[in-house]
2 protein chains.
Amino acid sequence: MSSAVIDLKNCDNCPIRHRAVCARCEPDELEQLEDIKFYRTYDAGQPIMWAGDQMEFVASVVTGIATLSQTMEDGRTQMVGLLLPSDFIGRPGRVRASYDVTAVSEVTICCFRRKPFETMMVTTPHIGQRLLEMTLDELDAAREWMLILGRKTAREKIASLLAIIARREASLHLGKTGDGFAFDLPLTREAMADYLGLTLETVSRQISALKRDGVIALEGKRRVIVPDFDALIDETGDDADGGLLS
Amino acid sequence: MSSAVIDLKNCDNCPIRHRAVCARCEPDELEQLEDIKFYRTYDAGQPIMWAGDQMEFVASVVTGIATLSQTMEDGRTQMVGLLLPSDFIGRPGRVRASYDVTAVSEVTICCFRRKPFETMMVTTPHIGQRLLEMTLDELDAAREWMLILGRKTAREKIASLLAIIARREASLHLGKTGDGFAFDLPLTREAMADYLGLTLETVSRQISALKRDGVIALEGKRRVIVPDFDALIDETGDDADGGLLS
DNA sequence: GTTGCGCCTTGATCCGGATCAAACGGAAAA
DNA sequence: TTTTCCGTTTGATCCGGATCAAGGCGCAAC
């Protein structure tokens, strides 16, 4: 694997330090962390780890996008996680990876040797608490995903995925989700198919259909324009209010 | 809701105290817990809470089986969690329930008022740590479930569900999973369909097919006999070794 | 007994998405 | 420039599971 240590200290973008795990750490706790962390970068398409691999470290995504996925013996693949900056990789207490982790874009991860990290979790409750919050959020996302996989039509699945990505982009760039909102798809058609439990042909056809029906517009293959966000939400089959009302 | 407080102290079967959260609590921590916990019982089929309900407590299943599920406006339903004794209900820090919780059999839950429980999580790290472990296990289960929903055929789905239930029964009763192993289905055909993203007719047909092919035998509608456990596993499409080998 | 009611099974038909196949378009390599 | 290649689109056909419909079985109420 062509991965390299790129920095050992003071990465302002390190999510474990500044956003994910250590948002509430004391300065001396941060110094402890500095001693056991290092960085790795992977090119788009590269595997980061295979299911069954020995995991010597846990990690956190700093930049880029990676996927968690499971593959059956005959090759059928299901994505089970989409890892964005600040998301956590690996699991304290577990020696072997349970899923394949693959870089979708160029990805930099911040690694912590597993043993020291585990002992730190005991001595520094904040880290465990933050990890619990993150895991609960992931569980909620997984459950929303299960509804998509189990009960939605192909069109609803595509609309749901677009809405998920659009919402994330909007919140990231402080952007409005108003009219004419636009964003880039970070995933290939095949990756979208693996996400949604479809074939890439069906993904392509349904995107074309949404375009034909004026729900979205495309610039090239990857850039999506959403003229009316509510119209997109209508296509997802979800409740109009995202569970916000009584 | 015909729910009643059934006991306020010393429930040897309370999973929060003895199995789930407090496995490593000190005696004085247990006493703290006693002050803020109470029990409720629900009949089979009764709703325990609806998505959107205000949650005044978090809880833990003591006896019986309950389901977590999501329903779309038009009635399509997807089960997203199967709650067994010792499983946790609710989420610290969240005011409203995200999913419908329904009793499948008669269910007794052990409730903790949410606020005191949350403050206790801060003062008693063991509880948070145990909760993290449980949540990570649930996340793994959800991801296995996503593969089932997204990529498996109806027959593989049924076989997978039977294998999941069989394995749990086996581990519960210290039972072997050897030849002639038998267990009761805790779910109706409809609940199985909601679990697997199928219709109840397809569930019924595929169970009949597995019976016809000698993979399983039935006693009545609910009791399943598995003559050869490996043959059942073969039908799931999963790797033969459950990821145990290198 | 018989009636009614859940829960389950089975049959006939339909349709959405998979599969097989071909071709397109843009970017990098030659 | 042309070639190659990868990601994508589109078309034709097939099939697994949904849908619609009828009937069976066990059980509790009457």
Side-chain angles (χ1 to χ4, degrees), chain A residues 43-46 67 72 74-78 102 104-105 148-162 184-213 216-224 235 237, chain B residues 43-46 72 74-78 102-105 148-162 184-213 216-224 235 237:
Chain A
D43 291 335
Q46 264 197 320
T67 61
M72 296 169 68
D74 61 5
R76 280 175 285 173
T77 295
Q78 176 63 52
T102 310
V104 169
S105 60
I148 292 173
L149 288 172
R151 293 301 186 192
K152 290 193 178 179
T153 65
R155 172 183 263 246
E156 288 169 340
K157 285 179 174 182
I158 296 291
S160 299
L161 177 54
L162 293 178
D184 281 314
L185 286 173
L187 303 174
T188 64
R189 300 291 186 263
E190 187 180 21
M192 293 175 70
D194 287 343
Y195 188 111
L196 298 171
L198 297 171
T199 59
L200 68 92
E201 293 96 328
T202 298
V203 170
S204 180
R205 268 186 256 273
Q206 294 300 332
I207 288 179
S208 298
L210 288 174
K211 188 173 69 176
R212 175 169 35 73
D213 297 347
I216 59 171
L218 292 183
E219 266 177 32
K221 309 288 185 189
R222 292 296 190 88
R223 189 155 189 82
V224 178
E235 296 290 343
Chain B
D43 290 335
Q46 264 196 319
M72 297 169 68
D74 60 5
R76 282 176 283 174
T77 296
Q78 177 64 53
T102 310
V104 169
S105 59
I148 292 173
L149 288 172
R151 293 302 186 193
K152 291 192 177 180
T153 64
R155 172 183 262 246
E156 289 169 339
K157 285 178 175 183
I158 296 291
S160 299
L161 177 54
L162 293 178
D184 281 314
L185 287 174
L187 303 175
T188 64
R189 300 291 186 264
E190 188 180 21
M192 293 174 71
D194 286 343
Y195 188 112
L196 298 170
L198 297 171
T199 60
L200 67 91
E201 293 97 327
T202 298
V203 170
S204 180
R205 270 187 254 272
Q206 294 299 333
I207 288 179
S208 298
L210 287 174
K211 187 172 71 174
R212 174 168 38 69
D213 298 345
I216 59 171
L218 292 183
E219 265 176 34
K221 309 287 184 189
R222 292 295 191 90
R223 188 155 189 84
V224 178
E235 297 289 343

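Both backbone and side-chain heavy atoms feed into the values below; hydrogens, waters and symmetry mates do not. Naming: A, B, ... by sequence-line order, numbering from 1 per chain.
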Residue pair A:T188 / A:R222, side-chain heavy-atom distance below 4.5 Å | yes

To the nearest angstrom, the CZ-C1' distance between A:R223 and C:dG26 comes to 18 Å

Between which nucleotides of DNA chain D, 5' to 3', does chain A make heavy-atom contacts below 4.0 Å?
-> D:dT8 to D:dA12

Can any side-chain N or O of A:Q78 pair as donor or acceptor with the backbone N or O of A:Y195 at less than 3.5 Å?
-> yes

Judged by atom type as modelled, is there a donor-acceptor pair below 3.5 Å linking the side chain of A:S160 to the main-chain atoms of A:E156?
-> yes

Base, sugar-phosphate, or nothing for A:R222, non-hydrogen atoms under 4.0 angstrom?
-> sugar-phosphate

By side-chain hydrogen bond (donor to acceptor under 3.5 Å, both in side chains) - contacts of B:R189 (at least two apart) | none

Looking at five pairs on each end of the helix from C:dG1-D:dC30 to C:dA30-D:dT1, what is the angle between the two axes, given to 10 degrees?
-> 20°

Which ones in residues 196-203 of chain A lie close to DNA chain D, meaning a heavy atom under 4.0 Å from one of its atoms?
-> A:L200, A:E201

Is any side-chain heavy atom of A:M192 less than 4.5 Å from a side-chain heavy atom of A:Q206?
-> no

Let me know the distance between CD of B:Q206 and C1' of C:dT10, rounded to the nearest Å.
-> 13 Å

Grab the two heavy atoms, one from A:T202 and one from A:A154, that are nearest each other, plus how far apart they are.
-> CG2-CB, 3.7 Å

Value in whole Å for how far the C1' atom of C:dT10 lies from CG of B:L218 = 15 Å

Under 4.0 angstrom, heavy atoms only, what part of the nucleic acid is B:R155 near: base, sugar-phosphate, or nothing?
-> nothing

Within 6.0 angstrom of A:E201 CD, more than 12 heavy atoms from elsewhere | yes

Within the side chain of B:R151, is there an N or O that forms a donor-acceptor pair under 3.5 Å with the backbone of A:R76?
-> no

Partners of B:D184 by side chain to side chain contact (heavy atoms under 4.5 Å, CB included), sequence neighbours excluded?
-> B:R223

Looking only at side-chain N and O atoms, does B:R189 come under 4.0 Å of OP1 or OP2 in C:dT9?
-> yes

Mind checking side chain to side chain contact (heavy atoms under 4.5 Å, CB included) for B:T77 and listing every partner two or more places apart, or none if nothing turns up?
-> B:S69, B:T71, B:D194

To the nearest Å, give me how far apart CD1 (B:I207) and C1' (C:dT9) are.
-> 11 Å

Do A:I207 and A:L162 touch side chain to side chain, with heavy atoms closer than 4.5 Å?
-> no

